[in-house]
Structures are given as structure tokens and as C-alpha cells.
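Single-structure report; data block below.
Within every chain, numbering begins at 1; the chains are lettered A, B, ... in the order of the sequence lines, protein sequences first and strands thereafter. As the structure is a prediction and not an experimental result, all values here were calculated from the model.
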Protein chains: 2
Amino acid sequence: MTGVPAQAFSKHDHGACCRSVMNTARRLCVARGVRLTPVREKVLELLLESHVALGAYTILARLADAGFRSQPPVAYRALDFLVAHGLVHRVEKLNAYVACNQPQAGHSPAFMICSHCHQVAETVGKTRSGVLGKTAQAIGFDIQHTVIEAEGVCATCQKRAVS
Amino acid sequence: MTGVPAQAFSKHDHGACCRSVMNTARRLCVARGVRLTPVREKVLELLLESHVALGAYTILARLADAGFRSQPPVAYRALDFLVAHGLVHRVEKLNAYVACNQPQAGHSPAFMICSHCHQVAETVGKTRSGVLGKTAQAIGFDIQHTVIEAEGVCATCQKRAVS
DNA sequence: AAAAATAATGAAATGATATAACATAACTAC
DNA sequence: GTAGTTATGTTATATCATTTCATTATTTTT
Ligand SMILES: [Zn+2]
Ligand SMILES: [Zn+2]
Ligand SMILES: [Zn+2]
Ligand SMILES: [Zn+2]
């Protein structure tokens with residue numbers, strides 16, 4: 001939980017992984033004076049179940065199963081809140097969402113998306129020093145947000161494919 | 001047209017910019033034995049009109065104005081073709097499309113999106129050597145495609161905002 | 001504690017983006 | 001000119017996301 005890169009594709013105690021993020025999220029919300037209401041917490045919990053990105057309507061369906069209302073805004077509002085507070089990230093390439101695994105830092109995340117097992121690993125993007133940052137600086141472009149995503153096949157799935 | 005980074009945000013002869021890309025596109029299609037049919041050429045032409053990304057339905061509307069059919073597949077098929085041949089790129093953050101300005105190279109593009117004037121500048125991403133590439137290599141992740149996009153404000157729009 | 005302000009949720013409708021499926025037409029190769 | 005292939009016509013539907021307005025819950029102010 002402390003700066004492990006691409007945790008999703010590493011062997012790890014996922015139970016601990018979830019609990020840790022969940023606790024951090026709760027602390028963060030208290031610290032910021034915002035409310036981690038039941039829907040919001042449930043959405044985060046759903047996303048923490050695995051490192052697979054979930055679409056808004058998948059989340060919506062699971063919320064419905066759990067007794068929440070089932071109109072689209074229910075999911076989108078919770079997601080908007082979680083994204084705004086850096087607890088969840090949107091994966092543009094997938095139109096889907098993953099729980100952040102380092103919710104404290106005001107980071108610009110980068111993702112590796114396995115197109116076979118659909119797991120998404122989060123790692124930190126070096127916005128300023130990368131090629132993009134350099135070019136931006138050179139032409140006076142002021143970067144506010146970055147989307148850095150790689151699609152490919154994770155090591156585990158590569159091995160599976162061979163056998 | 002020759003490796004100028006972030007051309008969209010530089011002063012340039014846009015007429016020449018368009019003609020050059022269009023000619024390259026035509027040559028490329030001939031070389032590859034594929035057909036740049038009227039719809040495909042028209043879509044590319046529409047995208048070349050400016051460095052602003054256009055959504056599929058905007059393109060569809062303009063196609064209709066130009067006398068083409070107006071069902072979604074008309075636009076999506078042409079876009080699929082152009083994207084497959086590297087003549088157009090999809091900007092994930094915007095769900096929209098821009099003409100490529102270096103259509104020859106099998107490059108992985110990076111984009112800078114001005115949230116004020118909506119122009120999109122293309123620059124080259126260094127997939128392998130960047131942080132993403134390094135991390136990928138470290139964990140054995142095989143990258144097939146990258147999405148690298150930065151949203152922010154271009155130099156011109158920053159100046160405008162001040163005055 | 002009551003009133004006012006703010007934040008969150010309920011509910012219906014619609015907007016925006018993208019694809020599936022199958023029929024027809026146009027090119028290409030032989 | 002027939003067969004194979006590629007492209008287009010057309011209808012329908014799938015998928016993703018927001019607008020709008022009413023109601024309820026929570027917090028703040030008095
Ligand atoms: Zn985990
Ligand atoms: Zn995998
Ligand atoms: Zn230009
Ligand atoms: Zn601008």
C-alpha cells in the first residue's frame with residue numbers, strides 16, 4: 001500500500017490492500033469534512049473488490065442488488081464524488097472506473113490495462129519531466145490534467161497464452 | 001509537416017499544412033492498396049479544416065450537409081478506416097477525432113488539448129523510454145497501445161485570459 | 001429548539017456516443 | 001462474366017452520461 005508500482009499485477013494480500021485503502025478513504029473524508037455516505041462507500045467497496053475497472057452501469061446494477069436505487073445518477077453522483085476526492089480514477093480508454101490505491105497523494109496516475117484479464121494497474125505518471133511535460137513547457141502550454149494509459153497484456157496473461 | 005512538435009499551437013501556413021497531409025494520405029493509400037473513397041476523403045478533409053477535434057456526430061452532420069448519407073455507421077466506418085491507417089487519431093478524453101499530422105510514421109502520438117480554444121496539438125510519445133515504459137518492462141507488461149493526453153491551456157489562450 | 005442554508009438523494013426524461021446485423025452495390029481477380 | 005472481396009445502405013439497438021426538478025437529510029445560524 002506504500003508506493004508499490006503496478007500493484008494489481010503483483011502478488012499481494014488483496015484483503016489488506018482493500019482495507020487499507022478503505023481506511024485511508026474514511027480518514028481523508030473526515031479530514032476534509034466531506035461525507036462518505038452509504039452509496040459512496042458502497043461504490044468504493046465495489047471497486048475495491050478487484051483491480052478490474054467497472055463501468056458506471058455495472059456499478060449501478062450491483063448497487064441495485066445491494067438495495068440502492070437504480071437510476072443512472074445514483075452511480076454517477078457517487079463516482080463524481082469519489083473521483084473529485086481522488087479516491088477513484090476514471091480510465092478513459094475503458095469508460096470505466098478503478099479505485100485509487102494511493103489516495104493521499106495529489107498524484108497524476110498512469111494506468112496499465114491488461115486486455116486479457118482486464119485488470120488495471122496504477123502507477124505514477126511523471127507529468128512534468130516526461131516528453132509531454134518538456135514539450136508543454138517549450139511551447140508554454142499549461143497542463144492541468146493528464147491521461148496516461150497503456151493497453152497491453154500483463155505478465156501472467158502472457159504466460160497463460162503460451163501454455 | 002516535418003516533425004514540427006505541437007504544430008496546432010504554432011503559427012503556420014495551415015493551407016499548406018492540410019494539402020501536405022492530404023497528399024501524404026493519398027500516396028499512403030495507393031502504396032497500401034486501399035481505397036480513399038469519397039466519404040473517407042471527405043471526413044479527412046473535414047478534420048483537416050482545423051486543429052479542433054470533432055465528434056463522430058459533428059462529422060456526420062457535416063457529411064450530411066455535403067450530400068452523404070446521415071446514419072451513424074457512415075461516419076464511424078470512415079473514421080475506423082482512417083484510424084486503422086493512422087491518418088486520424090481518436091482523442092479518448094474528448095471522444096473525438098483529429099487528423100494526424102505525420103501520417104507516415106508508425107508513431108504513438110501524444111496530445112495537448114486546450115480546454116479554451118479546443119485545439120489539439122499532436123506530438124510524439126516516447127512510449128518505451130518513459131516512466132510507463134520503464135515500469136512496464138520491469139513487471140513484464142507488454143504494451144500494445146498508449147493513450148497520452150494532456151488537458152490544459154495553450155499559450156495563446158493564456159495571453160487572452162490576462163488581457 | 002426552530003429556522004435557514006447547504007448538501008444529498010429520488011425520479012423521470014433525454015442526450016450523446018457507438019455498434020450489431022443484414023441487405024445491396026461496387027470494385028477486383030480470374 | 002462469375003466469384004470473391006470490399007464498401008455502402010438501412011434499421012435498430014446498445015452503451016455511456018447529463019439535465020432537471022422535487023424531496024429529504026444534515027449542518028449552521030439564530
Ligand atoms: Zn489489491
Ligand atoms: Zn492480464
Ligand atoms: Zn495546420
Ligand atoms: Zn487555446
Side-chain angles (χ1 to χ4, degrees), chain A residues 25-26 29-44 46-47 52-64 66-85 87-98 113 118 120 147 149, chain B residues 25-26 28-44 46-47 52-64 66-85 87-98 113 118 147 149:
Chain A
R26 279 195 263 256
C29 286
V30 171
R32 292 177 188 170
V34 294
R35 296 163 53 202
L36 194 61
T37 61
V39 225
R40 291 167 179 177
E41 184 165 339
K42 184 69 190 175
V43 170
L44 183 54
L46 289 169
L47 289 172
V52 172
L54 301 180
Y57 279 75
T58 301
I59 291 167
L60 190 55
R62 304 221 180 142
L63 282 176
F68 293 90
R69 298 279 87 73
S70 60
Q71 298 91 338
V74 173
Y76 283 105
R77 281 166 178 164
L79 288 167
D80 286 350
F81 171 89
L82 294 167
V83 168
H85 288 90
L87 302 172
V88 162
H89 300 298
R90 175 178 165 84
V91 182
E92 295 295 338
K93 189 68 209 288
L94 303 176
N95 294 339
Y97 302 82
V98 281
I113 305 163
H118 302 109
V120 175
V147 176
E149 302 172 359
Chain B
R26 278 194 264 256
L28 231 63
C29 286
V30 171
R32 292 176 189 170
V34 294
R35 296 163 53 203
L36 193 61
T37 60
V39 225
R40 292 168 178 175
E41 183 164 342
K42 185 67 191 176
V43 170
L44 183 53
L46 289 169
L47 290 172
V52 172
L54 300 180
Y57 280 75
T58 301
I59 291 167
L60 190 55
R62 304 222 181 142
L63 283 177
F68 293 89
R69 298 279 87 73
S70 60
Q71 298 91 336
V74 173
Y76 283 104
R77 281 165 178 165
L79 286 167
D80 286 350
F81 171 89
L82 294 167
V83 168
H85 288 90
L87 302 171
V88 162
H89 300 298
R90 174 177 164 85
V91 182
E92 295 294 338
K93 191 68 210 290
L94 302 176
N95 294 337
Y97 304 82
V98 280
I113 306 162
H118 302 109
V147 176
E149 301 172 0

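Centre separation under 5.5 Å together with a plane angle under 30° holds for the ring of B/Tyr57 and the six-membered base ring of C/dT17, marking them as stacked.
Residue A/Gly55 comes nearest to A/Ala96 through the heavy atom pair N-CB, 3.9 Å, listed as atom of the first residue, atom of the second, then distance. Of all the heavy atoms in A/Leu46 and A/Leu54, the pair that sits closest is O-CD1, 4.0 Å.
Taking only side-chain nitrogens and oxygens, B/Arg69 never comes nearer than 4.0 Å to OP1 or OP2 of D/dT8. In this model, the phosphate group of C/dA18 is approached by a side-chain N or O of B/Arg90 to a distance below 4.0 Å at OP1 or OP2. Contact annotation: A/Arg35 does not reach the phosphate of D/dA25 (side-chain N/O to OP1 or OP2, under 4.0 Å). At D/dT18, none of the side-chain N or O atoms of A/Arg77 fall inside 4.0 Å of OP1 or OP2 (strictly under the cut-off).
Taking CG of B/Leu87 as the start and OH of B/Tyr97 as the end, the distance is 14.5 Å to the nearest 0.5 Å.
The nearest whole Å value for the distance from the CG atom in A/Leu94 to the C1' atom in D/dC16 is 13 Å. Note: CG (B/Leu60) to P (D/dG9) measures 12 Å, nearest angstrom. Between B/Gln71 atom CD and D/dA12 atom P there is a gap of 12 Å when expressed in whole angstrom units.
For B/Tyr76, counting side-chain heavy atoms from C-beta on, the closest listed nucleotide (D/dA7, C/dT9, C/dT17) is C/dT17. Ranking D/dA7, D/dA17, C/dT19 by closeness to the B/Arg40 side chain, first place goes to D/dA7. Checked against D/dA17, C/dA8, D/dT11, the side chain of A/Thr37 finds its nearest nucleotide in C/dA8. When each of C/dA18, D/dC16, C/dG10 is scored by its nearest atom to the side-chain atoms of B/Ala56, the top-ranked nucleotide is C/dA18.
Within the 3.5 Å criterion, the main-chain N or O of A/Arg35 finds a donor-acceptor partner in the side chain of A/Arg40.
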